[in-house]
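Below is one structure, written out as structure tokens, with a few remarks after it.
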Amino acid sequence: MKKLLLFCSISFLLACNNTSENKAENQNTLINKETDSVDNFGIVIHGGAGTILKENMSDSLELAYRAKLEEAIRTGHEILANGGTAIEAVKRTINVMEDSPLFNAGKGAVFTNAETNELDASIMDGETLNAGAVAGVTTVKNPINLAWEVMKNSPHVMMAGEGAEQFARERGLEMVAPEYFYTKNRFQSLQSLKERNSEETVLDHDENKTAFIDAFIKDSKFGTVGCAALDKNGNLAAGTSTGGMTNKKWGRVGDAPIIGAGTYANNKTAAISATGWGEYFIRGVVAYDISAMMEYKEMSLAEAAKEVIQNKNPDLGGNGGIIAIDHNGNVSMEFNTAGMYRANMDKNGNLEIGIYGK
Ligand code: ASP
């Protein structure tokens, strides 16, 4: 009996010792992880994906795109370097691209069939999983700011149309006349698309449907903008802003303002913003799908983004791309189109800008 008691006590002591060693080890891992992530930050942006080919691009236009992408990413990078939040960096970076006529967001948005501009945007905070989105606004200069207001200062996640505009006025956002969004290029794109599509070619005849879709895609020229960022506190955020697709009708809304489709952020996984043929990004729940694969299948960001953009999205019939950053600062810029305007910058200020295929 004495022997048994002695054996039990020794086993108990050994077990205690083990547990405290494990605890210490876990504690160390935790500390190491925390130290690693302290001061790590990064930012990645896109300015739309599509048939962007070197042979169709003048040198001066290419320079203009590169300069604007650089200006945008440096804006967000500076905020992060100074200890600002990922959400703030995302919003301000997107503002730079919204204010540029080069992109299909804010000034320079594509035209609807009714020759108006209807803008969509969304933003998400990966720390709280709070999010805000707006659809079909026509007089808000920076739709991403309104999405931010919806997230921060309303009990809702998504607002649309006139109600959203009223909320924007109440929050004191900068409002503009609808003509502010006009650019000659985008207006001409609408006219040439309309010429190739008589009103009758819509949706009930298979051949016509294919022709309609081909023209729709070729002339859409995409150009949506998006940003994903990791701040020094380890928080992630993502946002997307767009005019949608040229010649859209019937109050069509794409993926950009749909949380989980065009935008998603979760500190556990990654922050993601998408661009491309929105209907397929909604059906594939693309941004969330990437996050879910990371969370449940323990895939890396690179693996999950590749699977969704190179396999699942084209299998469904869609095209486009994503930019994303994970909680360790790894970046992905995955697309299945000829090109995607894109840039990323790490905590050391290393800058990478791309336009065409890899
Ligand atoms: N995804 C956007 C939409 O479908 C368009 C784009 O990204 O170019 O509205």
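For reference, positions follow the sequence shown, starting with 1. Counting starts at 1 for both ligands and their atoms, following the listed order. Not measured: the values here are computed from a predicted model.
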**Request:** Please name the residue in the list T275, I322, I355 that meets the side chain to side chain contact (heavy atoms under 4.5 Å, CB included) test with M340.
**Result:** T275
**Item:** Distance-only side-chain donor-acceptor flag, N113 / N247, under 3.5 Å
**Value:** yes
**Request:** In sequence, state the C-alpha distance, the side-chain angles, and the governing distance for E70 and R66, and then conclude on salt bridge (Lys or Arg N to Asp or Glu O under 4.0 Å).
**Result:** CA-CA 6 Å; E70 183 168 345; R66 285 183 180 276; over 6 Å; no
**Message:** If you count every heavy atom of other residues, nucleotides or ligands that lies below 6.0 Å from D59 atom CG, does the total exceed 12?
**Reply:** no
**Message:** Can you confirm whether the side chains of T240 and S273 place a donor and an acceptor under 3.5 Å from each other?
**Reply:** yes
**Message:** Please report whether ligand 1 has a polar contact with D120, defined as an N or O pair separated by less than 3.5 Å (distance criterion only).
**Reply:** no
**Prompt:** I123 and V90: which non-hydrogen atoms are nearest, and at how many Å?
**Reply:** CD1-CG1, 4.1 Å
**Asked** Do any nitrogen or oxygen atoms of E279 lie less than 3.5 angstrom from nitrogen or oxygen atoms of ligand 1?
**Response** no
**D255 neighbourhood, listing ligand 1 atoms whose heavy-atom distance to it stays under 4.0 Å** = 1 (N), 2 (C), 3 (C), 4 (O)
**Message:** Which of the numbered atoms in ligand 1 are under 4.0 angstrom from any heavy atom belonging to T224?
**Reply:** 2 (C), 5 (C), 6 (C), 7 (O), 8 (O)
**Item:** Part of R252 with heavy atoms under 4.0 Å of ligand 1, whether side chain, backbone, both or neither
**Value:** side chain
**Prompt:** T275 heavy atoms, cut-off 4.0 Å: which ligand 1 atoms fall inside?
**Reply:** 6 (C), 7 (O), 8 (O)
**Request:** Look at atom 5 (C) of ligand 1 and find which of G50, G262, A135, G276 reaches it with the closest heavy atom.
**Result:** G276
**Complete:** ligand 1 atoms nearer than 4.0 angstrom to some heavy atom of G244 are 5 (C), 9 (O)
